[in-house]
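Notes follow the structure.
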Amino acid sequence: MTFRDLNIAEPILRAVEGEGYTNPTPIQEQAIPILLRGKDLLGVAQTGTGKTAAFGIPILHHLYRGKNGQQGKRCIKALIVTPTRELAIQIGESFTAYGKFTGLRNTVIFGGVKQGKQVKVLQNGVDILVATPGRLLDLMNQGYISFRDLEFAVLDEADQMLDMGFIHDIKKIIAKLPAKRQSLFFSATMPRDIVDLSRKILGDFERVTIKPEQATAEKVEQGVYFISKKNKPKLLVHLLQERSEDSVLVFSRTKHGANKIVKKLAQAGIRSAAIHGNKSQTARQKALGDFKDGKLKVLIATDIAARGIDVEELSLVINYDLPNVSETYVHRIGRTGRANASGIALSFCDKEERPYLRDVEKLIKQQVPRMPEHQFVDEDSDISSENLGKPDSQNNRPSRNQARSGGSKYRGGRNGNRGNRNRPRRRD
């Protein structure tokens, strides 16, 4: 199937093809026809599967076809709610790209900055609003936002909003939406609270489920180093020095931990920046912009802040801390496996993180390859050089050839895989 087969409006098709898109991703192929028919949709899919285009293209199609020379002030007809500033900005950029020939206008609002400029844009009139929950509710309560003419409502990354404590804000927002609307609900996972929330949003809906966990795990080359907590900084410095020309995203479990990693790298002469919830919006956008532009090679991120990071030539993801939620591991390594591209993901695992690794391997239904022994081993550590790199189950140990070939791929040698420089442009 191609985008031409989807029968979308010509100005949108022209913009999409101008972005380099030819064939829709699985979620786009399944969701766009449903949404073009006007049905509600429950989508189970991760970031990186192309869902922004999956809901953005049909919304633009309907709004463009419904304009019919309408005059007067623009009113909000489509609302997209998403958990983080970075992801909201990315979605706004996608709507601008796909809708550039339609004459439709969108804007993005989020917290962490003064509201004056955002209010001015809203007062001038917009067709499509992308928002984070807190700022959206603030401006609604102040009377700057009306949903009287709303036709489309999208709740994106719902499980992350639940984790971030936005559930009460979301319920208040939903209560203000008109009953007659087309509703779209996207979540990477479907715990009971998310299922209950989806029932309050959706009417007569269809469901599309894209399960990329196994596919992501297969196309991203993975490896894990067993190492003590105090030696993680040394190993990180070593790997970054080996791959100094590559863009590397490093995940920390906590904000404080992210700041500490930046300091440790600075001591080793490696420039990096951290993005997390305690950073100002200006600082976060500067760091992310420098990283996307290649001015900054190493970015340290927490899981929430990393939503919306989409770098086409991201060579390597490093899990400095293994996540305590196994699905998060798949989200992380998917940063370097965008669209049809492959990538490399390395993890550091100390003794306390062994249970997290077992949960990850159970989810992805494969063992993460153990990396060869490394020089950074504590003499007094209970992770000794004797068992460093050995899997928990001797029956599942990779072969010697697998371990050897894995080492050459991940250590950044002359013949190592440094990422696909000709990878396709992002699809969402």
Side-chain angles (χ1 to χ4, degrees), residues 46-48 81-92 108-114 130-135 156-167 169 188 229 232-233 236-237 240 247-268 270-293 295-311 314 316-336 345-348 350 353 356:
Q46 293 178 243
T47 301
V81 184
T82 197
T84 70
R85 300 170 249 190
E86 287 77 16
L87 191 52
I89 290 169
Q90 180 183 306
I91 292 172
V108 180
I109 62 171
F110 44 78
V113 296
K114 293 182 179 180
V130 185
T132 54
R135 176 55 58 89
D156 191 25
E157 305 282 0
D159 53 346
Q160 288 300 308
M161 284 191 267
L162 186 69
D163 290 343
M164 295 172 71
F166 282 133
I167 187 67
D169 286 351
K229 186 175 182 179
K232 285 185 178 184
L236 179 61
V237 168
L240 294 178
S247 295
V248 182
L249 177 60
V250 181
F251 280 100
S252 167
R253 196 180 302 124
T254 66
K255 303 169 189 176
H256 176 66
N259 292 336
K260 284 183 67 176
I261 294 170
V262 171
K263 290 180 181 179
K264 290 287 187 182
L265 293 180
Q267 292 170 2
I270 298 174
R271 180 172 170 262
S272 66
I275 60 169
H276 52 66
N278 287 349
K279 293 283 185 178
S280 70
Q281 176 62 21
T282 301
R284 287 167 69 168
Q285 284 306 117
K286 184 180 187 307
L288 186 55
D290 287 348
F291 189 61
K292 287 185 174 182
D293 294 340
K295 298 175 183 177
L296 182 72
K297 293 297 184 181
V298 183
L299 186 66
I300 319 299
T302 55
D303 292 302
I304 296 298
R307 290 300 176 101
I309 292 179
D310 191 359
V311 180
L314 180 57
L316 174 64
V317 164
I318 294 179
N319 292 306
Y320 187 89
D321 301 310
L322 276 172
N324 55 1
V325 177
S326 52
E327 287 83 358
T328 300
Y329 174 86
V330 180
H331 285 295
R332 289 182 178 185
I333 69 173
R335 299 299 94 195
T336 187
L346 299 176
S347 300
F348 299 172
D350 61 37
E353 294 172 313
Y356 303 157

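Values in this document were obtained by computation on a predicted structure and should not be read as measured data.
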Using the side-chain contact (heavy atoms from CB on, under 4.5 Å) rule, take Val81 and Met161 through it: C-alpha gap first, then chi angles, then the decisive distance, then the call. CA-CA 10 Å; Val81 184; Met161 284 191 267; 4.0 Å; yes
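- Taking each heavy atom of Pro323 and Tyr356 in turn, the nearest pair found is O-CB, 3.5 Å.
- For the pair Val298 and Val262, the minimum side-chain heavy-atom distance is 4.5 Å or more.
- Closest heavy-atom contact between Ala273 and Ala287: CB-CB, 3.9 Å.
- Between Leu265 and Ile300 there is a side-chain heavy-atom pair separated by less than 4.5 Å.
- Separating the CG atom in Leu346 from the CD1 atom in Ile333 is a distance of 11.0 Å, to the nearest 0.5 Å.
- Shown here for Asn319 and Arg332, the closest heavy-atom pair between the two residues is OD1-CD, 2.9 Å.
- Across all non-hydrogen atoms, the minimal contact from Leu288 to Glu86 is CD2-CG, 3.6 Å.
- Partners of Lys232 under the side-chain contact (heavy atoms from CB on, under 4.5 Å) rule, at least two apart in sequence or in another chain, are Ile227, Tyr320, Asp321, Phe348, Asp350, Glu353.
- For the side chain to side chain donor-acceptor pair (under 3.5 Å) test, residues two or more places apart in sequence or in another chain that qualify with Asp156 are Lys51.
- One finds the NE2 atom of His256 at 10.5 Å from the CD1 atom of Ile261 (value rounded to the nearest 0.5 Å).
- Rounding to the nearest 0.5 Å places OG1 of Thr82 at 9.0 Å from CD of Gln90.
- Taking Lys295 as the reference, Asp290, Asp293 meet the side-chain contact (heavy atoms from CB on, under 4.5 Å) condition, with sequence neighbours excluded.
- In this structure Thr132 satisfies the side-chain contact (heavy atoms from CB on, under 4.5 Å) test together with Ala88, Phe110, Arg135, sequence neighbours excluded.
- Taking both residues in full, the closest heavy atoms of Ser252 and Ala258 are given as OG-N, 3.1 Å, listed atom of the first, atom of the second, then distance.
- Considering only residues two or more places apart in sequence or on other chains, Lys263 meets the side-chain contact (heavy atoms from CB on, under 4.5 Å) condition with none of them.
- Here the closest non-hydrogen pair linking Leu314 and Leu249 is CD1-N, 3.8 Å.
- Enclosure of atom NZ in Lys297 by more than 12 non-hydrogen atoms of other residues, nucleotides or ligands within 6.0 angstrom is indicated.
- Distance check: Phe251 CZ to Thr302 OG1 gives 8.5 Å after rounding to the nearest 0.5 Å.
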